[in-house]
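Below is one structure, written out as structure tokens, with a few remarks after it.
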Amino acid sequence: IEESPMWEPEAWASSGGWPAPRETRTGPSLSSVLNELPSAATLRYRGPGVLPWGAQEEEEDGQRSIQSVAEATQKELQEPGPSRELPWPMQARRAHRQGLARNQVAQGSGSRATHWTLLLRRSKEKVREGLRSVQPWDWTLKRIGGQFGAGTESYFSLLRFLLLLSVVASVFTACMILLPTWLEGAPPGPPAPNASSPCGSYMPGSQGLVTFSTHLFNFLSGEGFLEWSPLFYGFYPRRPHLAITYLCSTFAICLLYLLLILHRSVSGLKQTLLAESGAVTSYSHRVFSAWDFGLSGEVHVRLRQRNILFELQVELEEAAVRRQAAVRTLGQQARVWSVRLLLNTAVVALLAAAFYGIYWATGATVELQEEPRIQGMPLLKLVVNYLPSIFISGVNFVLPPVFKLIAPLEGYTRSRQIVFILLRTVFLRLASLLVLLFSLWNQITCGGDADAEECKTCGYNYKELPCWETRLGQEMYKLLLFDLLTGLAVTLLIQFPRKLLCGLCPGALGRFAGTLEFQVPDEVLGLIYAQTVVWVGSFFCPLLPLLNTAKFLLLFYLKKITLFSTCSPASRTFRASTVNFFFPLVLLLGLAISSVPVLYSIFLIPPSKLCGPFRGQSSIWAEIPESICKLPQTAQKFLFFLGTQAFAVPLLLISSILMAYTVALANSYGRLISELKRQIETEAQNKVFLAQRAVALSSANRAL
């Protein structure tokens, strides 16, 4: 490759000789043509050393233009601005920047503040590159994106992000709950069997020797030896400092979750707005801006080629659907909306039936566990114990494929179909969890009736649930464990045999088995559902994030092996920018939903009198005011002032002013963007006009 000549900006202004004008052509001059442009834009030269429009056509006008250009060039060289703002070619900007750097070094006039700003920016870039290089499975994600598309890659990226959240929550739990528990002395054992109180007795754990089947049952249900262990809420003793750290860890972890998810959502929102807006043509963006010229190696090049291929395939599919929708008649549109209304009615009916089944299963579990026949059969007792989890998993296994069959009938684009499938499946999974929690709340609070006989003494149903927090933690533990076992069973008993059948039987039986595709919406919502279960149960089962870390770690490698050994690239892909914003948005929804039962339990339901660090309190939150009253008087006044109207009202006013300012600023930026878009459209019209006049002039010259 030949080296391009060096640009010397200083020579452009000092050079006195411009190229001689060409011979006068017949017909209108280029200057007159430019005056007819739709934009009627002012003349601007294209960098020093390049003649302005029309300078080569008319000698007199050209000499004046040359003089004006030279003066402008000399002015820019005398008072240079930033290199990126100069209307020069790239090589000229680079030479100008290098010249300024040499002058600063020679004269020693470099600003110390500018130097430190540049050093800080470079340090940030290096730190960001270092963090990006130490991210786990980075090469695996690139390989998945190149072979199976960006949508499948987004699933594994989300799985890695959730694994990071679980690791951070586990570290917080270990530092703020486990360490204070043992630093203040060994925790006491379970309550004595003969201990009694107005709220009954609580005897966790099995007495005497137990069989292996009983140990297995206890491990799967969270009872027996696990019930009185650091895994559940009831194990932790009544200690003031432990109660404060226990409650503060919950709020700290929730706040950290919120900040990390918001950060991820904002980064995904930028990609979504760019992809969905019409400011940048998707095809030109893919063709001219999507290639990474820093790639080295044939494997990386092929992976990037496949990524671009999948993205273009998505754009072409959605463009075809939009063209079909644009030419629909009024009757066809009425037919489409009627079909959509009918299908959505069927979806609502299916969801209502599923929720009623979960509510019935939760209520029937308590009644069936009391029957002597079930008590004498460990396997049947385990099935009854897992009845709500079985019902929830069954509903989540059956209904999403039905939603997937319904979505193509509604006439939406592929990305819009994915969004509707995700919304319905999210509503199914999260609402089923809410139905389970509502059923448990109904048992704990006697249906909200504080005057009921079972709840009148202690404020909760102490006869059936002497430690209701541990019971909630056990339900979330069973949901997490059953979800993991279900995933393993589907992979080992369905997906791998299906792949073997398809490979060993090339005939009709192999075609009937079909080729397995990785279903991104179902897999993603499975992750979000599992994470929501962990968020709900973390307060009642503190070690649940640690168990979830091990589960996600196992799930990553299991899904990776399944993807490369049993799955083929999806026949229909979808835009990754949509899911990069939608997935964190659904995560935020799951976090908001999970916070409702936890906050309700902290503020309104009385804690258990026989277990946990908050025993003896009227509510879990009552520990915070009592701890504040033990602080010095100045700290008490300051903290109580934060909860008064004198602090809340000014804070609300300041927040409203900042919000109004942000909205006004966003509107001004929006108007500026609209104006720039109109300028881009005008420039496009200018180019079309110039091309037409050039063709007309060429035809006229040939005729002469």
Side-chain angles (χ1 to χ4, degrees), residues 158-183 222 229-236 239-266 430 433-434 437 469-470 472-477 479-480 483 527-553 555 583-605 607 612-614 619-624 627:
L158 178 66
L159 179 55
R160 182 178 63 179
F161 175 71
L162 294 180
L163 180 62
L164 171 65
L165 295 184
S166 298
V167 170
V168 172
S170 301
V171 172
F172 268 79
T173 302
C175 295
M176 301 184 70
I177 297 179
L178 294 180
L179 284 180
T181 301
W182 270 271
L183 288 178
S229 68
L231 184 62
F232 293 111
Y233 166 93
F235 169 81
Y236 297 93
R239 293 169 181 170
H241 296 294
L242 177 61
I244 293 298
T245 57
Y246 195 103
L247 192 58
C248 290
S249 67
T250 301
F251 291 112
I253 292 173
C254 183
L255 180 61
L256 189 62
Y257 281 150
L258 180 62
L259 294 178
L260 291 176
I261 297 174
L262 282 176
H263 179 268
R264 187 178 177 89
S265 301
V266 170
L430 299 184
L433 186 60
L434 286 179
L437 294 172
E469 296 94 345
T470 297
L472 271 176
Q474 288 173 345
E475 290 296 332
M476 299 302 108
Y477 170 79
L479 283 176
L480 182 140
D483 185 61
L527 290 180
I528 296 175
Y529 165 76
Q531 187 62 47
T532 306
V533 169
V534 173
W535 285 335
V536 173
S538 295
F539 183 79
F540 312 104
C541 183
L543 297 187
L544 204 60
L546 182 61
L547 298 178
N548 196 48
T549 302
K551 174 191 170 183
F552 279 163
L553 193 62
L555 189 65
F583 290 167
L585 187 64
V586 177
L587 267 179
L588 284 176
L589 178 62
L591 182 62
I593 290 177
S594 63
S595 63
V596 172
V598 175
L599 293 177
Y600 186 87
S601 303
I602 290 174
F603 287 99
L604 297 179
I605 302 180
F614 303 97
S619 66
I620 295 176
W621 179 255
E623 189 70 33
I624 300 296
S627 301

Are the side chain of [X] and the backbone of [Y] linked by a donor-acceptor contact shorter than 3.5 Å?
{"X": "Tyr233", "Y": "Pro542", "answer": "no"}
{"X": "Thr245", "Y": "Met176", "answer": "yes"}
{"X": "Thr470", "Y": "Gly234", "answer": "yes"}

- request: Evaluate side chain to side chain contact (heavy atoms under 4.5 Å, CB included) for Phe161 paired with Ile261, printing each intermediate quantity in order.
  value: CA-CA 9 Å; Phe161 175 71; Ile261 297 174; 4.1 Å; yes
Taking the side chain as C-beta and beyond, is there a heavy-atom pair between [X] and [Y] under 4.5 Å?
{"X": "Leu262", "Y": "Leu588", "value": "yes"}
{"X": "Leu158", "Y": "Leu587", "value": "yes"}
{"X": "Phe172", "Y": "Ser249", "value": "no"}
{"X": "Val171", "Y": "Val168", "value": "no"}
{"X": "Thr173", "Y": "Leu546", "value": "no"}
{"X": "Leu555", "Y": "Leu163", "value": "no"}
{"X": "Met476", "Y": "Leu433", "value": "yes"}
{"X": "Ser619", "Y": "Leu604", "value": "no"}

message: As a quick check of understanding, evaluate side chain to side chain contact (heavy atoms under 4.5 Å, CB included) for Leu255 and Phe251, giving each step before the final call.
response: CA-CA 6 Å; Leu255 180 61; Phe251 291 112; over 6 Å; no
message: Over 60° means perpendicular and under 30° means parallel, so tell me whether Phe539 and Phe614 are parallel, tilted or perpendicular.
response: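 Parallel, since the angle between the ring planes stays under 30°.
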[atom1] of [X] to [atom2] of [Y]: how many Å apart, nearest 0.5 Å?
{"X": "Tyr600", "Y": "Ile605", "atom1": "OH", "atom2": "CD1", "result": "5.5 Å"}
{"X": "Thr181", "Y": "Leu242", "atom1": "OG1", "atom2": "CG", "result": "4.0 Å"}
{"X": "Leu544", "Y": "Asn548", "atom1": "CG", "atom2": "CG", "result": "6.5 Å"}
{"X": "Tyr529", "Y": "Leu480", "atom1": "OH", "atom2": "CG", "result": "9.5 Å"}
{"X": "Thr532", "Y": "Leu527", "atom1": "OG1", "atom2": "CG", "result": "10.5 Å"}
{"X": "Trp535", "Y": "Ile253", "atom1": "CH2", "atom2": "CD1", "result": "12.5 Å"}

At their closest point, which heavy atom of [X] faces which heavy atom of [Y], and how far apart are they?
{"X": "Ser595", "Y": "Ala592", "value": "OG-O, 2.6 Å"}
{"X": "Ala530", "Y": "Asp483", "value": "CB-OD2, 4.0 Å"}
{"X": "Ile593", "Y": "Pro597", "value": "O-CD, 3.0 Å"}
{"X": "Ser166", "Y": "Gln531", "value": "OG-OE1, 3.9 Å"}
{"X": "Tyr257", "Y": "Ala169", "value": "OH-CB, 3.0 Å"}
{"X": "Ile244", "Y": "Ser627", "value": "CD1-OG, 2.9 Å"}

message: For a side chain to side chain contact (heavy atoms under 4.5 Å, CB included) check, start with the C-alpha distance between Leu589 and Ile528, then their side-chain angles and the critical distance, and finish with the verdict.
response: CA-CA 10 Å; Leu589 178 62; Ile528 296 175; over 6 Å; no
query: Could you walk me through whether Leu472 and Glu469 pass the side chain to side chain contact (heavy atoms under 4.5 Å, CB included) check?
result: CA-CA 5 Å; Leu472 271 176; Glu469 296 94 345; 5.8 Å; no
